[in-house]
Structure formats: structure tokens, C-alpha cells
Amino acid sequence: MAKLAVLLTLLALVGSVTCQGYTGNASPPTPITYPSPPSLSPSTSPTYPPPSSTPPSLAPVSPSPPITYPPPSPTPPSPAPASPSPPSLGLRVGYYSSSCPKAEQIVKDTVKNAVYTNRGIGAGLVRLFFHDCFVELVIKLAMASMAANKLVVFVLLALLGSSNGDGYTSPGSIAGGLTVGHYKGTCDRAEEIVRDAVKNAIRGGRGDRGVGAGLIRLFFHDCFVQGCDASVLLDPTPARAAAPEKAGIPNLSLRGFEVIDAAKAALEGECPGVVSCADVVAFAGRDAAYLLSGNKVYFDMPAGRYDGRVSLASETLPNLPPPFAGVDRLKQMFAAKGLDTDDMVTLSGAHSIGVAHCSSFSDRLPPNASDMDPELAASLQQQCSSSSSNGGASGDNTVAQDVETPDKLDNKYYRNVVSHRVLFKSDAALLASPETRSLVSSYAESQRQWEEKFAAAMVKMGGVGVKTAADGEIRRQCRFVN
Ligand code: HEM
């Protein structure tokens, strides 16, 4: 008990230092014609602009600490056996209640966010406390002097990671000042309202699991262009000269917009002007992952994003990886967003659900050479040439991305990669480097490992380029700026 009190007080001390500057918030898809890669045989007719030869410039990325997941402990640790009376240091509970009332809350939020992103950090903090207390001199100094207090802050911040300066905050830190439970007190039912809208779309009367896939992809496409700021939701208007992101080639097949509209309408009814569209997209992506994984992929999504005012179709191709990307390009494009190779491989597992248009992978079908399993290639060719299928007027049919469990978010994707039963060159490319290949085989073997990593990577992606009140707004309608 005494140790717990010391921990709280130490953490509260950290909070006291951060108090001043703390801000407190921390229809079927439209058929598309994907471009063919430049090396394709002339039999295909590429309409996609040729991939840029210069890769996007890389933002500096701080190396992620190795992630180890200690098993979650369902019960609180049992109290330490009675020890000699604690050192009398004049400590008391609620020490900062008047000088910095939010001190403990601030520290709690910081730790919560860090641990949700990387459970290993929680273990690190417990160890930090232990090491600190066992050097008696340090604890006394920590209690007595601001200098020692600052040292603890420094170590804590180092453990939590720090911003790399490009707006993205590395794992473990509070990305863009986001917090779990951000709408508590301002719109208590915010997350519940979004979840109901997603549930209704997936499981309701006209339930469509495909919309769930669409929502996960929507979150990805939002975050990769202008950051997670709902820029992908903006409609074209007469006032805007330039076409919005929605009109960009990779976004023509996005779906799920109406689910976001439904959630936002309900939110505006309950707490107008409070919940950003960017957070709705993030919550919806999280909830879709939860529902489509059979409740296996569950995580808290930090929130507090603001909505952007800039949305340009011209920014989609340079920022969203094309289906014909090779492994180096994929790595570069994710790194440009502060996401590492592991994140890239982990997030690609979303291709275990949803559909793809034939035009997105026709470059891998005969007569073009590819490493695709011949049986799958033959089946796809048949589905893609069938006129009675689901291609609509354009004749660009859609097929399931995962033939085995098309509606279930699971690790089958990685088994498909191993057995060459994936659609895109970018999927197959994960076998092309030792690092990605080894991740693929370990995810293929462990569903649980992948689920945990996927949850953490979704949170990490949700921290990309987050906007604040300084450069964003809370939109009243998700399709239009205020
Ligand atoms: C690694 C680079 C990636 C590439 C090159 C890529 C490319 C694509 C393409 C071309 C499609 C099919 C579009 C169509 O033809 O209609 C697609 C579908 C999809 N992608 Fe990705 N993607 C990537 C990463 C991701 C990530 C990170 C996520 C989410 C975490 C994701 C989630 C999805 C989902 C769920 C679908 C199915 C959507 C639906 O059924 O409406 N993808 N992707």
C-alpha cells in the first residue's frame, strides 16, 4: 500500500511538471480502373497515371522500441507482504489537489495512452518505479528536489517516446494529444453512438459485412492523405475549384460514407459541434474491425482529432500505395507516415476481408506472368470475365479478397500470401524481403499475435498527422467544411 502511495505521488510529481503546458487533449463500390504498372504487357490498357518514379520523401522516423506483450493481468497485483514501516517522507494522498488538481489525471491519461499503444511500456514503467525506489538516495532526492523530479519526467518521457517533428508521434506517446475516453463529460455516448451505427450497417436489417471492410479502408485512406482528419469525406462543391480526395483514383471504390453520415447525424442530435468527423472515422474503423473479427480485435481508440479543411484528389496517388507496389515502395510509403515495416505487414492483414475490382489485379492474370497460384488465377479470370457478375455498367467485376473466409477479419491473409493466393502484387511482395517474409510466416501461424499487433497498428495509424484546434475544426456535417 505504501509503495502504491509512493508510485502515485511520484507520478503526480511528474504531472506537476507537465501541468503548465498541458492542453488536456492530448451501393456497391464504384468500379474503378486501376492503372497498370509500367512493365505490363500491352494487352492491358492502363488508365491509372504511371507510378511516380521518385518515392515520396521520407519523414524522419524514430525507431520503434521492440514490442513485447506481457499477458494482461486480470487481477490487480497482490499487495506486497508487510514491510518495515515506510520511510517517513511527509507524503500524502491528494498532495496536488489544490496546486495542480489535474496532476494525477494527466499522468494517468499519459500512461493509459502509452500502454494502449504498447503494453510493453506499462511493464517498463513498473520497472522504472522499482529501480527508482531501490536506490534510496534517488527517491529522497526525487522527493526533495525539482531537479530529481525533472529527471523522472525525462526518463518517463523517454520511455513514452517523443514526437519526431513531422506531426506524427511515435508509438507510446500521445499522438497529437489524443486521449482514450476523450468525449467523456462532453459527449458521453459518442463512441456508443458510432458503434451502433456501424453495428446497424453490418448486422442490421440490410446488414452488409462488406461495408465493414469499407470502413476499415476508409480510415486507412483518410490517415494517409493529410493525416487522420476526415479530409477523405469532403464532397466536391461549386466553391471548391479542385477535386477533393474522394475523386482521386484510389478512392473511387471507397464505401461506408453513409455509415459515417448516420453516426454524425446521431451525434449532432445528442451533442452538437463536439465530436469530430475524423474521430468518427477512427471509431468506425475500430468498431468494424471488432465486429468483423468476431470481437477478437478489440482496442481503445484514442480521440481528440480535429477535421481538416484541405482535401485534394491530386494528393491521393502520391500518398496511397498502389496495388502494383513492390516491397521497397510499400516500406517507403508507410515510413513516410511514421509507420514501420512491421506496421505495414500487420495492417495489410485487412486484406482478409472485402472485395477488389478486377482492374486492381488484372496485371497478375494470364497472359501476364505472375507468381499467383494457377488455380486461383484461373478462377479469378473466370469471375472477371463473367458478364452476369457484379461489375455494373463498367463491367469491372469485384471478387473476394480472401477466398476462404471472405467476411472474417483474421490471419488467413498471411496463409494466402504464403500459398500465393493473394490478389495484388503488393500482397505477394511481402514475400520478397526477409523481414516481411518472416513477419508473414509468424502471423500465418499465430492468429492471436496478429490480432494484438493489428490493434496496436490501427491505433498507431490513427496518430498520423493529427490536426488540432489550431489547424482544424469540428465539422457540423462530415461532407462539408463549416
Ligand atoms: C499495403 C498497401 C496497400 C495497398 C497497395 C492496398 C490496395 C488495395 C486495393 C487496390 C484494394 C481494392 C480496391 C478495389 O479494387 O476496389 C484494397 C482493398 C481493401 N483494402 Fe487495401 N491496400 C493496402 C493497405 C491496406 C491497409 C493498411 C488497410 C487497412 C488497415 C487496407 C484495407 C483494405 C480493405 C478492408 C479493402 C476492401 C475494401 C472493400 O471491400 O470495400 N488496405 N486495398
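Just follow the structure's listing: the first ligand is 1, and inside any ligand the first atom is 1.
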Can you confirm if the aromatic rings of F299 and Y290 lie within a centre distance of less than 6.0 Å? no
For ligand 1 and V355, I'd like to know whether there is a polar contact (N/O to N/O, distance under 3.5 Å). yes
Please indicate whether any nitrogen or oxygen in S426 is less than 3.5 Å from any nitrogen or oxygen in ligand 1. no
Is the closest side-chain donor-acceptor distance between [X] and [Y] under 3.5 Å?
X	Y	result
D371	H420	yes
T405	D410	yes
S426	R329	no

Only heavy atoms of [X], strictly under 4.0 Å: list the atoms of ligand 1 that pass.
X	result
P323	5 (C), 10 (C)
A350	28 (C), 29 (C), 30 (C), 31 (C), 32 (C), 35 (C)
S348	1 (C)
R255	39 (C), 40 (O), 41 (O)
S253	13 (C), 14 (C), 16 (O)
P322	5 (C)
L330	1 (C), 2 (C)
G354	37 (C), 40 (O)

Out of [options], whose heavy atom sits nearest [atom]?
atom	options	answer
atom 30 (C) of ligand 1	L292, L347, L423	L347
atom 22 (N) of ligand 1	H351, Q401, R209	H351
atom 13 (C) of ligand 1	R217, M458, H357	R217
atom 9 (C) of ligand 1	F424, F219, F224	F424

Salt bridge flag under 4.0 Å for residues E404 and R415: no
Under 4.0 Å between a side-chain nitrogen and a carboxylate oxygen: does that hold for K467 and D229? yes
The side-chain contact (heavy atoms from CB on, under 4.5 Å) partner of L430 among V422, V418, V345 is V345
Against P321, only a single residue in M333, Q332, K331 fulfils side-chain contact (heavy atoms from CB on, under 4.5 Å); can you say which? M333
Does the R364 side chain pair with the main chain of L423, one donor and one acceptor, at a distance under 3.5 Å? yes
Show your reasoning for whether side chain to side chain contact (heavy atoms under 4.5 Å, CB included) applies to E473 and V481. CA-CA 8 Å; E473 63 183 16; V481 296; 3.5 Å; yes
Check for me whether M333 has a heavy atom closer than 4.0 Å to any atom of ligand 1. no
Is the closest heavy-atom distance from F334 to ligand 1 below 4.0 Å? yes
Heavy atom under 4.0 Å from ligand 1: found in L320's side chain, backbone, both, or neither? neither
Can you tell me how the ring of F224 sits relative to the ring of F220, calling it parallel under 30°, perpendicular over 60° and tilted otherwise? perpendicular
